[in-house]
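Whatever order the structure lists them in is the order used to number ligands and atoms, beginning at 1.
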Amino acid sequence: MKAFSKSFTQQEPLPEASILRATEIMRNGRLHRYNVMPGEVSETSILEQEFARYQGVQYCLACASCGYAMTTALRAFGIEAGEPILTNAWTLSPVPGAIDAAGGRPVLVETTEQLVLNLEDLENKLQGTSSRLLLLSHMRGHVVDMDALVEILHRHGAALIEDCAHTMGAAWNSKKIGTFGVAACFSTQTYKHINSGEGGLLTTNDPELMARAVMLSGSYMLYGQHLAGPSEQTYSSIRLTTPNCSGRMDNLRAAILRPQLADLDKQVARWLERYRAIEIELTGVKGLSVIARPHKEHFVGSSFQFVIPGITDSQAEAFLTQCKEHGVDVKWFGAKEPHGYTSHYSSWHYVDSAPLISTDQILHDLFDVRIPLTFSPEDCRHIGRLIGLCCGSSMSL
Ligand SMILES: *Cc1c(COP(=O)(O)O)cnc(C)c1O
């Protein structure tokens, strides 16, 4: 079979409207979000307002990254030094990193075969640690049963902050992901769903939490300029006691994000078409399983995960090599050493965790490919066929 030749890290060009607006802002030189002419509203404030509307929430803060948004949400929530914060064992390293940066102690929760948080282990750990807060990562866009999750947290009096880096544009039972807890954090980094190189968005309906977050982000005394912030009087009790931990977004990034946000739902449909194309090719491949997606889950198929149950380390290495030779960039969550963006919780040595037996087993057999929108549905079918072929030949070794 012909090798695949496109790049797995090549995103689409930005919309022409993004480029035009960014050029205007570069021409006027007012890149800082608080650098406005009398009567002018900054691009960053408008983005916040548009994203709050998109999510159907009251408040939004644009900031430097999703990692920064998570740290800020945790601080604005008011976590205390050393406080246990529950989070997914299977996630990206900025998630435990944000808990650490906010002074919390990550407590890792097991993963299910559907690649979501294990709710039984969550309950055990809520009981065992009396944690007040779960930072839930919808890792690779897999959404846990949110009805069951919210019920468990409610019963234990614990709050929820959502990491929506892979779920911007997603929903559970028609309710937007990012509206189930006290706050939600989104990424606009190049490999997520809208692209400004780096960037983050923090949303909430809690006026005090947002006031603290805006102060933390480095608003100085200019918070009154925010369109998607709480009333000025909300700031009166916290404005002098909340540190400035500079991490704002700038107008240039906001300008290139706004047209992309307007296109987001269309892009989500394109991702789904590509995801289904890979899924069709991999369904029924001997020795390989795809992840069943619940019907309540409206997901963004910006990456594809599959499992090769019982694969040995040497077969996995052979499989990765063969995929690479066929031009398919497959990542493996079972590798002993962290590679590129992919790591396993056991390589976060600052997190004190006992081995998590079921997560270890699941990640050992788990593989992952990106789906940039520069791939056509036919490209995705081609990729699916190549993965199937490489799986067959490496499993017979
Ligand atoms: C990328 C990512 C983040 C962090 O986003 P940044 O904007 O790069 O800080 C957080 N969580 C997950 C699951 C991610 O993939």
Side-chain angles (χ1 to χ4, degrees), residues 8-9 11 44 47-48 51 60-75 85-102 104 106 108-109 111 115-117 134-144 160-170 177-178 180-181 183-203 213 216-217 245-250 253-254 256-257 260-261 271 299-305 331 333 338-345 347-348 351 359 363 366 368-372:
F8 280 74
T9 53
Q11 304 295 44
T44 310
L47 171 69
E48 289 168 341
F51 192 67
C60 175
L61 170 70
C63 55
S65 69
C66 177
Y68 183 88
M70 289 188 286
T71 304
T72 303
L74 292 165
R75 291 195 65 169
I85 306 297
L86 297 164
T87 195
N88 310 53
W90 182 51
T91 185
L92 209 69
S93 55
V95 180
I99 296 172
D100 187 84
L108 305 179
V109 179
T111 317
L115 305 183
V116 295
L117 199 74
L134 168 67
L135 175 57
L136 172 68
S137 185
H138 302 287
M139 178 64 168
R140 291 293 193 265
H142 294 271
V143 179
V144 67
L160 169 67
I161 294 178
E162 292 174 82
D163 164 25
C164 302
H166 300 160
T167 48
M168 184 189 280
I177 299 303
F180 287 87
C185 304
F186 299 81
S187 178
T188 66
Q189 187 245 73
T190 293
Y191 301 113
K192 311 302 163 85
H193 301 167
I194 55 177
N195 173 12
S196 60
E198 303 284 358
L201 295 159
L202 166 54
T203 58
L216 284 164
S217 78
C245 304
S246 217
R248 294 169 302 273
M249 184 178 279
D250 58 86
R253 283 188 281 172
I256 67 179
L257 289 171
Q260 296 182 69
L261 178 59
W271 262 307
F299 63 94
V300 185
S302 52
S303 65
F304 194 98
Q305 290 70 48
K331 302 281 186 272
F333 285 98
H339 285 294
Y341 298 101
T342 310
S343 67
H344 182 274
Y345 73 88
S347 48
W348 310 332
V351 177
T359 298
L363 296 190
L366 180 65
D368 178 49
V369 284
R370 286 181 201 277
I371 312 180

Should the proximity of [X] to ligand 1, defined as any heavy atom under 4.0 Å, be assigned to the side chain, the backbone, both, or neither?
X: Arg140; answer: neither
X: Met70; answer: side chain
X: Val95; answer: side chain

Which is it for Thr188 and Asn195 under the side-chain contact (heavy atoms from CB on, under 4.5 Å) test, yes or no, and what are the steps along the way? CA-CA 5 Å; Thr188 66; Asn195 173 12; over 6 Å; no
Which word best sums up how the rings of Trp90 and Phe333 line up, parallel for under 30°, tilted for 30 to 60°, or perpendicular for over 60°? perpendicular
Protein heavy atom at shortest distance from [atom]:
atom: atom 15 (O) of ligand 1; value: His166 NE2, 2.6 Å
atom: atom 11 (N) of ligand 1; value: Asp163 OD2, 2.8 Å
atom: atom 8 (O) of ligand 1; value: Gln189 NE2, 3.4 Å
atom: atom 3 (C) of ligand 1; value: Lys192 NZ, 3.6 Å
atom: atom 9 (O) of ligand 1; value: Gly67 N, 2.8 Å

If only side-chain N and O atoms count, and only distance matters, is there a donor-acceptor pair under 3.5 Å linking Trp348 with Ser343? yes
Report yes or no: do Ser302 and His193 form a side-chain donor-acceptor pair below 3.5 Å? yes
Return yes when Ala98 approaches ligand 1 closer than 4.0 angstrom through a heavy atom, no otherwise. no
Can Gly200 be said to touch ligand 1, with heavy atoms closer than 4.0 Å? no
Should you measure from each heavy atom of [X], which atoms of ligand 1 turn up under 4.0 Å away?
X: Leu92; value: 1 (C), 2 (C), 12 (C), 13 (C), 14 (C), 15 (O)
X: Ser137; value: 13 (C)
X: Gly199; value: 7 (O)
X: Ser187; value: 5 (O), 6 (P), 7 (O)
X: Ala165; value: 2 (C), 3 (C), 10 (C), 11 (N), 12 (C), 14 (C)
X: Ser65; value: 7 (O), 9 (O)

About how many Å separate [atom2] of [Y] and [atom1] of [X], when rounded to the nearest 0.5 Å?
X: Ser137; Y: Leu117; atom1: OG; atom2: CG; result: 9.5 Å
X: Leu134; Y: Asn88; atom1: CG; atom2: CG; result: 7.0 Å
X: Met168; Y: Cys66; atom1: CE; atom2: SG; result: 9.0 Å

Among all residues two or more places apart in sequence or in another chain, which pass the side chain to side chain donor-acceptor pair (under 3.5 Å) test with Thr71? none
Residues passing the side chain to side chain donor-acceptor pair (under 3.5 Å) test with Ser246, sequence neighbours excluded, are Arg248
What do the steps show when you test Glu198 against Ser196 for side-chain hydrogen bond (donor to acceptor under 3.5 Å, both in side chains), and what is the final call? CA-CA 5 Å; Glu198 303 284 358; Ser196 60; over 6 Å; no
Check whether any N or O atom of [X], backbone or side chain, sits under 3.5 Å from an N or O atom of ligand 1, and answer yes or no.
X: Glu198; answer: no
X: Thr91; answer: no
X: Cys66; answer: yes

Side chains of Leu257 and Gln260: closer than 4.5 Å at any heavy-atom pair? yes
Heavy atoms only: give me the nearest Ala183-Leu202 pair and the separation to one decimal. CB-CD1, 4.0 Å
